[in-house]
Asks: 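Before anything else, here's the structure in question.
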Amino acid sequence: MAAYDESVSRYFAAWNTTGDEERAKAVAAAFTDDARYTDPLADVRGHEGLAALIGGAQGQFPGFRFTLTGTPDGHHDLVRFSWELVSSADGSAPVAGFDVALLAEDGRIRSVSGFLDRVPAE
């Protein structure tokens, strides 16, 4: 399970790193060059697309961090994990979901299928 934990840890580092240059490095460490991320609101490919998506989420939810809930579970080259988007100001978590990631041989993520379990009412 340590390999899954390491991949998931790099994933959260990418989602929580701010600053364009630092985010680009974190994305490259977590994802393969041609990685695909898809959820009900997004479908992007490659490091640039991922970095833009992450920057957009950070802009929409300033002061929030993605946090792992529970323990990653995996088999073969797949890992699934649950998460929440948590406010550093008050600890609220208006968004939650789970992701299933396909890993490359080096442990970086080749693709992510994301599912939203809780989203704010508009």
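In this text the structure is predicted, and so the values were computed from the model without any measurement.
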Asks: Minimum heavy-atom separation for Ser7 and Ile109, please, with both atom names.
Replies: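 Looking at all heavy atoms of both residues, the shortest contact is O-CD1, 4.3 Å.
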
Asks: At what distance, to the nearest 0.5 angstrom, does OG1 of Thr38 lie from CZ of Arg45?
Replies: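 Those atoms lie 9.0 Å apart.
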
Asks: Within the side chain of Arg118, is there an N or O that forms a donor-acceptor pair under 3.5 Å with the backbone of Ala93?
Replies: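 Answer holds: yes.
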
Asks: Atom CG of Leu53 and atom CG of Leu41: how far apart are they, to the nearest 0.5 Å?
Replies: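 Between atom CG of Leu53 and atom CG of Leu41 there are 9.0 Å.
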
Asks: Indicate if Phe12 and Leu102 have the same hydrophobic cluster label, given that clusters are the connected sets of ILVMFWY residues with side-chain heavy-atom separations under 4.5 angstrom.
Replies: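 As far as the 4.5 Å side-chain criterion goes, Leu102 and Phe12 are not connected within one cluster.
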
Asks: What are the two closest heavy atoms between Phe31 and Arg108, and how far apart are they?
Replies: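 Closest heavy-atom pair between Phe31 and Arg108: O-NH1, 3.0 Å.
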
Asks: Can Val100 be reached from Phe66 by stepping across I, L, V, M, F, W or Y side chains whose heavy atoms are under 4.5 Å apart?
Replies: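 No; Val100 is not reachable from Phe66 via cluster members.
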
Asks: Taking Ser9 for the side chain and Asp5 for the main chain, is one N or O donor matched with an acceptor at less than 3.5 Å?
Replies: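 No: the side chain of Ser9 does not pair with the backbone of Asp5.
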
Asks: Does any N or O in the side chain of Ser88 come within less than 3.5 Å of the main-chain N or O of Gly63, such that one atom is a donor and the other an acceptor?
Replies: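 Pair found, side chain donor or acceptor close to backbone of Gly63.
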
Asks: Stepwise, does the ring-ring contact (aromatic ring centres under 6.0 Å, His included) test hold for Phe115 with Trp83?
Replies: CA-CA 10 Å; Phe115 297 84; Trp83 53 266; over 10 Å; no

Asks: Quick one: closest heavy-atom pair of Phe64 and Ser92, and the distance?
Replies: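 Nearest heavy atoms, Phe64 then Ser92: CE2-O, 4.2 Å.
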
Asks: Any side-chain donor-acceptor pair under 3.5 Å between Tyr11 and Asp99?
Replies: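 Looking only at side-chain atoms, Asp99 and Tyr11 do form a donor-acceptor pair, the distance falling under 3.5 Å.
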
Asks: Closest heavy-atom contact between Thr32 and Ala104?
Replies: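 The answer is CG2-CB, 3.7 Å.
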
Asks: Would you confirm whether His47, through its side chain, and Ala24, through its main-chain N or O, come within 3.5 Å as a donor-acceptor pair?
Replies: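 Checking the backbone N and O of Ala24 against the side chain of His47, no donor-acceptor pair under 3.5 Å is found.
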
Asks: At what distance, to the nearest 0.5 angstrom, does CG of Asp39 lie from OG of Ser113?
Replies: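 Result: 9.5 Å between the selected atoms.
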
Asks: How long is the straight-line distance from CD of Gln58 back to CZ of Arg65, given to the nearest 0.5 Å?
Replies: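 Between atom CZ of Arg65 and atom CD of Gln58 there are 9.0 Å.
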
Asks: Quick one: are Leu85 and Trp15 in side-chain contact, heavy atoms under 4.5 Å?
Replies: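 Leu85 vs Trp15: side chains apart.
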
Asks: How close do Pro40 and Gly114 get, counting heavy atoms only, and between which atoms?
Replies: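 Residues Pro40 and Gly114, closest heavy atoms: CD-O, 3.5 Å.
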
Asks: Give me the atom names and distance for the closest heavy-atom approach of Ala30 to Arg10.
Replies: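 Scanning both residues completely, I find the closest heavy atoms to be CB-O, 3.5 Å.
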
Asks: Counting neighbours of CD on Glu22 that are heavy atoms of other residues, nucleotides or ligands and sit closer than 6.0 Å, is the number greater than 12?
Replies: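 Check passes, neighbour count above 12.
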
Asks: Leu78, Val112: one ILVMFWY side-chain cluster at the under-4.5 Å cut-off?
Replies: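 Shared cluster, no.
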
Asks: Apply salt bridge (charged side-chain N to carboxylate O under 4.0 Å, His left out) to Arg110 and Asp34, showing your working.
Replies: CA-CA 7 Å; Arg110 292 175 45 198; Asp34 61 346; over 6 Å; no

Asks: Roughly how far apart are Asp20 CG and Lys25 NZ, rounded to 0.5 Å?
Replies: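 With rounding to 0.5 Å, CG (Asp20) is 12.5 Å from NZ (Lys25).
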
Asks: Once rounded to the nearest 0.5 Å, what's the spacing between atom CD of Glu6 and atom CG of Leu103?
Replies: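 Glu6 atom CD to Leu103 atom CG measures 10.5 Å (nearest 0.5 Å).
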
Asks: Spell out, yes or no, whether Ile54 and Tyr37 are grouped together once hydrophobic residues are joined by side-chain heavy atoms under 4.5 Å, including indirect joins.
Replies: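 The answer is yes; both residues are in one hydrophobic cluster.
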
Asks: So, do Val95 and Pro120 sit near enough that their side-chain heavy atoms are less than 4.5 Å apart?
Replies: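 Yes, at least one pair of side-chain atoms sits under 4.5 Å.
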
Asks: Out of Thr69, Leu116, Asp117, which residue meets the side chain to side chain contact (heavy atoms under 4.5 Å, CB included) rule with Phe98?
Replies: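 Among Thr69, Leu116, Asp117, the one meeting side chain to side chain contact (heavy atoms under 4.5 Å, CB included) with Phe98 is Asp117.
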
